[in-house]
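Structure, as structure tokens:
Hydrogens, waters and symmetry mates play no part in the numbers below; they use all other heavy atoms, side chains included. Chain naming here is simple, since letters A, B, ... match the order of the sequence lines and numbering starts at 1 in each. These figures come from a predicted structure and were not determined experimentally.
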Amino acid sequence: MQAFTNVTAIPIPLVRDNIDTDIIIPARYLKTVSRKGLGEGAFYTLRHRDDGIPDPASPFNQARFKDSAILVAGDNFGCGSSREHAAWALVDLGIRVVIAESFADIFDSNAFKNGILTVTLPRPAISRIAAEGEAGRAVEVSLEECRVRLADGTTYGFEIDPFRRRCLLEGLDEVALTLAEHGEAIAAFEAEQRERAPWLWETPTNALTLTKSAPR
Amino acid sequence: MSERKGSTLYDRIWQAHRVRDLAPGTALIYIDRHLVHEVTSPQAFEALAAAGRSVRRVDATLAVPDHNVPTTPQRERIDDLLSRRQLKTLVENCARFEVPLIAIDDPRQGIVHVIGPEQGLTQPGMTIVCGDSHTSTHGAFGALAFGIGTSEVEHVLATQTLALKKARNMRIRIEGTPGFGVTAKDMALAVIGRIGAGGATGHVIEYAGSAVRSLSMEGRMTLCNMSIEAGGRAGLVAPDETTFAWLKGRPLAPSGAMWERAIAAWRSLASDADAVFDSEVTIEAAEIAPQVTWGTSPEQVAPITSHVPDPAHLEDEAGRRAAEAALAYMDLKPGTPLEEITIDQVFIGSCTNSRIEDLRAAATILKGRRRAPNVKRVLVVPGSGLVKRQAEAEGLDRIFIAAGCEWREAGCSMCLAMNPDKVPPGERCASTSNRNFVGRQGPGARTHLLSPAMAAAAAVTGRLTDVRRLLSS
Ligand code: SF4
């Protein structure tokens, strides 16, 4: 995971409720074998008119938001299918922070696992931050201080789970963390389970006789 | 004496797999079996390779391609470049990491949730995960089984564990004897209709009651499969003699003295009589009629004997707007009798209803009858190569073909629009799958979820039909 430092950017205003993962990344983009390149399909229907031509009215097509790393949205952001491709698409677009009124559980966890900071703030703060985006003014998101700072000095504090904050700040790799901190406990569990429930260890999946082939 | 609170089956499995507590209500949980398919695994293997890690337990991992595979006879020739690359990547990753793979041309290939139980991989008391939400299917054996995201797939491959938050307990009892023509699918849909698509969010569901006990393993799998459509993290049925008899002798099931030891342990896998559930629902099986969905969420469901509901009668504002949008997408008018809705396509298959009993139920209706002229296509897609062979040994394929159906190779097929089997835009499909979401079976496709017998009845009459009419005639 990429370590999270302070982010300053003009927030992309997308204040509507229930932006589901199908809107974030349509199903036809799920055939990829990589985490990269999904930005191309991100928010496809919001970025294009029905005839497939880029919609100039979409904030994603406006020059001032081009390199923005902050997205501001409404309630229940990331609901629907559990596809982690939604988080990958945001990362590929360069988004590091999503500020919303609330987040769907699985999306929230997928975002975190990909180094995206999710900030939950009440509606008035959301509206104010979106207005800054409309006006082309940058805001600063500080994870050190747990607050969002506007150009005029207004600040909004936010809460975050301490474990999650540490992982994001240090860019910790969760797998490495589990292996380092719990590797011995896992091995001890395995040894104990082998004694207690040996049949779980005596029916290995690789006991199946398998043919080897590749699709042509 | 202090009051002791009993454990639920879920509490028991959780307890037996706790490697370490991480925070109140959160623990590192050991994963006994990990199923892998081509769509949600490539990025996990890629990350593993980048970090120079290996798969901790290849002996507890099994991969199979299913979502992208064509179901036509020349199935190894895959025209869609992206699908082909995703399938090829699975083969390469399995070779590189030494993960056992049931390849596309293996006679046992099929939908991951069909082959797991079929091979005896799925056993009571296990923790089982897969990067797929319908992993809940395996709960039919009293295993704690649930879907995970790709980063979690990577975490399991590398560590064989997951950091999990404990869910709440919900018990759904279905009591009594279901009426004539009412199946496990109707029970599953009736449950979702009753508690809603988010009714079990944050919960693990345990299905209990005499009607659940009387279900075959195939029926229990159908019921547990749909748990996720009610928002449940997982669904469970406590194992019993039906479970043990079904498992015995399967390739990956324990055998000999180990089998005796295993079933002795499995017999203790039940909720205590004094276990407390966070929520309880009871449904009378006799009150369930064959079900069919009319909208774009599985909770938008009704008995076949009723009408398309009028959104104006819904009190809740959000529900009303959702119903209006669903009826517009489905092109249905309030008040239309469900039995008057004509259909264009029929799909009998998916991890919900593609096992041998499902195919037998459909064949019973189709035997000696023919597909209605307005029905353009009836796809019958077995859940695995072994189900296909069994059906052919019983002569079911000949019944289907004589009735004007297409008899296909195993795969996810028309359940989701990722392989060549799609419902064309604007067409209406009677489908035994599990999701009637907008565009699920193809852009603009309209889906009505129902049981295999009901799907077969629709194929014969060309419209949604109460299967009981055909059964009694
Ligand atoms: S059959 Fe459908 S629901 Fe089941 S695993 Fe395949 S795509 Fe998913």
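- Contact annotation for B:Q119: only side-chain heavy atoms (C-beta onward) come within less than 4.5 Å of a heavy atom of chain A.
- For a residue to count as touching a neighbouring chain, one of its non-hydrogen atoms must lie under 4.5 Å from one of that chain's; by this rule A:A197 does not touch chain B.
- Contact detail for A:T32 and B:P42: the closest heavy-atom pair is O-CG, 4.3 Å.
- Closest of all the heavy-atom pairs between A:A176 and B:R53 is CB-NH2, 3.4 Å.
- Using a cut-off of 4.0 Å between Lys/Arg side-chain N and Asp/Glu carboxylate O, B:R261 and A:E202 are scored as not salt-bridged.
- Heavy atoms only, all atoms of each residue included: A:S34 and B:Q43 are closest at O-NE2, 3.0 Å.
- Contacts between B:A253 and chain A at a heavy-atom distance below 4.5 Å involve the backbone alone (N, CA, C, O).
- Here the straight-line distance linking atom CG of A:L208 with atom CG of B:L62 works out to 6.0 Å at 0.5 Å rounding.
- Both the backbone and the side chain of B:Q86 come within less than 4.5 Å of a heavy atom in chain A.
- Interface summary for chain B: among A:K36, A:H85, A:R35, the most heavy-atom pairs under 4.5 angstrom belong to A:R35.
- Both the backbone and the side chain of B:A158 have a heavy atom closer than 4.5 Å to some heavy atom of chain A.
- For the residue pair B:T161 and A:H182, no side-chain donor N or O sits within less than 3.5 Å of a side-chain acceptor on the partner.
- In this structure, OG1 on B:T159 lies 5.0 Å from CD1 on A:I186, to the nearest 0.5 angstrom.
- When heavy atoms are compared at a cutoff of 4.5 Å, A:A185 approaches chain B by way of both its backbone and its side chain.
- When heavy atoms are compared at a cutoff of 4.5 Å, B:I148 does not approach chain A at all.
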(Q) salt bridge (Lys or Arg N to Asp or Glu O under 4.0 Å), that's the test. Do A:E190 and B:R56 meet it? Break it down for me. (A) CA-CA 12 Å; A:E190 288 175 334; B:R56 186 180 181 95; 3.0 Å; yes

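- Taken from CD in A:E174 to CD in B:E152, the straight-line distance is 8.0 Å, to the nearest 0.5 Å.
- For B:R435, no part lies near chain A; criterion is any non-hydrogen pair under 4.5 Å.
- Contacts of B:H17 with chain A are made by both backbone and side-chain atoms, with heavy-atom separations under 4.5 Å.
- Listed options A:V175, A:V33, A:L200 were ranked by heavy-atom pairs under 4.5 angstrom with chain B; first place goes to A:V33.
- Only the backbone of B:T61 comes within contact range of chain A, with at least one heavy atom under 4.5 Å from a heavy atom of that chain.
- Contacts of B:L252 with chain A are made by both backbone and side-chain atoms, with heavy-atom separations under 4.5 Å.
- Both the backbone and the side chain of A:A187 come within less than 4.5 Å of a heavy atom in chain B.
- In summary, the side chains of A:T203 and B:R33 do present a donor paired with an acceptor at a separation below 3.5 Å, with no hydrogens or angles considered.
- Using a 4.5 Å cut-off between heavy atoms, A:E181 contacts chain B through its backbone alone, with no side-chain atom that close.
- The shortest non-hydrogen separation linking A:L30 to B:M418 is O-CE, 4.0 Å.
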